[in-house]
Engineer: 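Submitted below is the structure of interest, expressed as structure tokens.
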Amino acid sequence: MKLYIDTANLEAIREGMKYYPLIGVTTNPTLLSREGGDPVETLKAIRALIGEDRQLHVQVTETEADKMVEEARAIVALLGKNTFIKVPVGEVGLQVTAALAALGIGVTETAIFTAGQALLAARAGASYVAPYVNRLDNILADGVAVVRDIADTFAMHDIDTEVLAASFKSPEQVIRVALAGGHTATLPPDVLKGLLTHPLTGAAIDSFAADWNNAFGGKTLREMLNK
Ligand code: G3P
């Protein structure tokens with residue numbers, strides 16, 4: 001399962017890109033609003049930070065089909081290749097998805113909560129569908145089961161649209177989504193860090209260092225090799 005970072009915070013993106021194997025950044029109107037300032041400048045700064053080869057997903061804010069298409073074209077013109085347009089699922093969303101796909105613009109259908117929505121989005125031409133895992137879990141539904149249903153449906157019918165699972169609150173949800181066949185997932189910075197962290201890892205590294213230093217007087221292997 002390939003991973004994105006789900007934030008518009010430049011410092012979090014800089015740190016994420018430095019340390020983590022990420023294929024891109026996903027944003028949405030809420031994430032951009034949290035950063036304040038000029039969202040156009042923020043998006044340009046994100047693109048400059050991640051380079052042209054990583055993906056950047058940006059959601060339309062217009063609600064009428066023609067304006068959504070115009071807005072999407074302007075976003076891609078500004079941010080260049082590997083920019084995907086997030087379109088909220090719905091009747092207009094499907095219409096816009098088909099129009100953007102016909103223009104060769106990649107679409108991520110967002111605000112997906114059922115496999116039925118995902119199937120329609122895929123057939124309309126979406127490159128990705130984004131089911132919201134934690135928001136389903138929050139209402140005592142099963143976000144992982146929805147991801148599994150979508151992934152199984154796509155596989156069964158040779159649909160090459162990928163699941164881009166979103167809305168995570170825990171590392172456990174991420175692994176369960178991976179095991180359910182999710183192709184990609186976008187994680188907030190704290191969940192990304194949580195996926196890496198384990199207390200036994202720190203303890204193991206500390207004991208390796210202590211044993212080595214006790215035996216070899218604090219000299220590293222590099223220093224010994226270079227003598
Ligand atoms: O883009 C959708 C995703 O960011 C939603 O996450 O945490 O607001 O449910 P959350």
Side-chain angles (χ1 to χ4, degrees), residues 1-13 15-17 20 22-36 39 42-43 46-47 50 54-63 68 71-72 75 79 82-90 92-94 96-97 100 105-115 117-118 121-122 126-147 150-151 161-178 180 182-195:
M1 185 168 71
K2 293 176 180 169
L3 299 172
Y4 303 81
I5 193 166
D6 194 25
T7 181
N9 181 271
L10 292 175
E11 197 43 51
I13 294 168
E15 194 180 334
M17 293 298 151
Y20 291 83
L22 302 171
I23 64 166
V25 174
T26 58
T27 66
N28 63 37
T30 302
L31 294 171
L32 283 164
S33 70
R34 273 185 207 150
E35 300 308 312
T42 303
L43 289 167
I46 294 173
R47 173 52 84 199
I50 68 176
R54 288 196 181 93
Q55 293 182 12
L56 177 54
H57 294 240
V58 180
Q59 191 163 325
V60 286
T61 61
E62 293 282 356
T63 53
M68 289 163 78
E71 189 177 37
I75 292 168
L79 300 173
N82 288 315
T83 299
F84 287 77
I85 300 301
K86 292 175 75 174
V87 176
V89 71
V92 174
L94 294 178
V96 169
T97 298
L100 294 180
I105 295 175
V107 172
T108 297
E109 203 87 2
T110 195
I112 296 275
F113 290 91
T114 71
Q117 292 173 329
S127 302
Y128 296 94
V129 292
Y132 287 10
V133 176
N134 189 67
R135 291 195 198 188
L136 282 162
D137 290 354
N138 269 349
I139 58 160
L140 295 178
D142 188 342
V144 172
V146 171
V147 169
I150 298 171
T161 303
E162 293 193 2
V163 174
L164 199 176
S167 178
F168 288 94
K169 286 292 168 285
S170 75
E172 197 222 345
Q173 286 172 325
V174 179
I175 294 307
R176 287 173 57 223
V177 159
H183 310 94
T184 70
T186 187
L187 311 185
D190 60 326
V191 176
L192 195 58
K193 284 175 189 283
L195 206 53

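Excluded from the calculations below are hydrogen atoms, water molecules and symmetry mates; all remaining heavy atoms, backbone and side chain alike, are included. For the single chain, residues carry numbers from 1 onward in sequence order. Whatever order the structure lists ligands and atoms in, that order sets their numbers, starting from 1.
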Engineer: Do the side chain of T27 and the main chain of H57 share a donor and acceptor less than 3.5 angstrom apart?
Structural biologist: yes
Engineer: Does V146 reach the side chain of Y132, with side-chain heavy atoms less than 4.5 Å apart?
Structural biologist: no
Engineer: Please tell me whether T7 and R34 have a donor and an acceptor in their side chains that are separated by less than 3.5 angstrom.
Structural biologist: no
Engineer: With a 4.5 Å cut-off on side-chain heavy atoms, are V92 and T63 touching?
Structural biologist: no
Engineer: State the atoms of ligand 1, each with its element, that fall below the 4.0 Å cut-off from a heavy-atom position in R135.
Structural biologist: 5 (C), 8 (O), 9 (O), 10 (P)
Engineer: Heavy-atom distances under 4.0 Å are what count here, so tell me which part of F168 touches ligand 1: side chain, backbone, both or neither.
Structural biologist: neither
Engineer: Which ligand 1 atoms does K86 reach within 4.0 Å, using its non-hydrogen atoms?
Structural biologist: 1 (O)
Engineer: Looking at atom 1 (O) of ligand 1, what's its closest protein heavy atom, distance included?
Structural biologist: N28 ND2, 2.9 Å
Engineer: Quick check for you: to the nearest 0.5 Å, what is the distance between L22 atom CG and M17 atom CE?
Structural biologist: 5.0 Å
Engineer: Under 4.0 Å from a heavy atom of K169: give me the atoms of ligand 1 that qualify, with their elements.
Structural biologist: 7 (O)
Engineer: Taking only heavy atoms of Y132 into account, list the atoms of ligand 1 that are under 4.0 Å away from them.
Structural biologist: 1 (O), 2 (C)
Engineer: For D6, take its heavy atoms, then give the atoms of ligand 1 lying under 4.0 Å from any of them.
Structural biologist: 3 (C), 4 (O)
Engineer: If you define the side chain from C-beta out and look only at heavy atoms, does anything of P88 sit under 4.5 Å from V60?
Structural biologist: yes
Engineer: For N134 and ligand 1, answer yes if some heavy atom of the residue is under 4.0 Å from a ligand atom, otherwise no.
Structural biologist: no
Engineer: Ignoring angles and geometry beyond distance, decide whether S167 reaches within less than 3.5 Å of ligand 1 through its nitrogen or oxygen atoms.
Structural biologist: yes
Engineer: Report yes if the side chains of Y20 and K193 come closer than 4.5 Å at any heavy-atom pair, otherwise no.
Structural biologist: yes
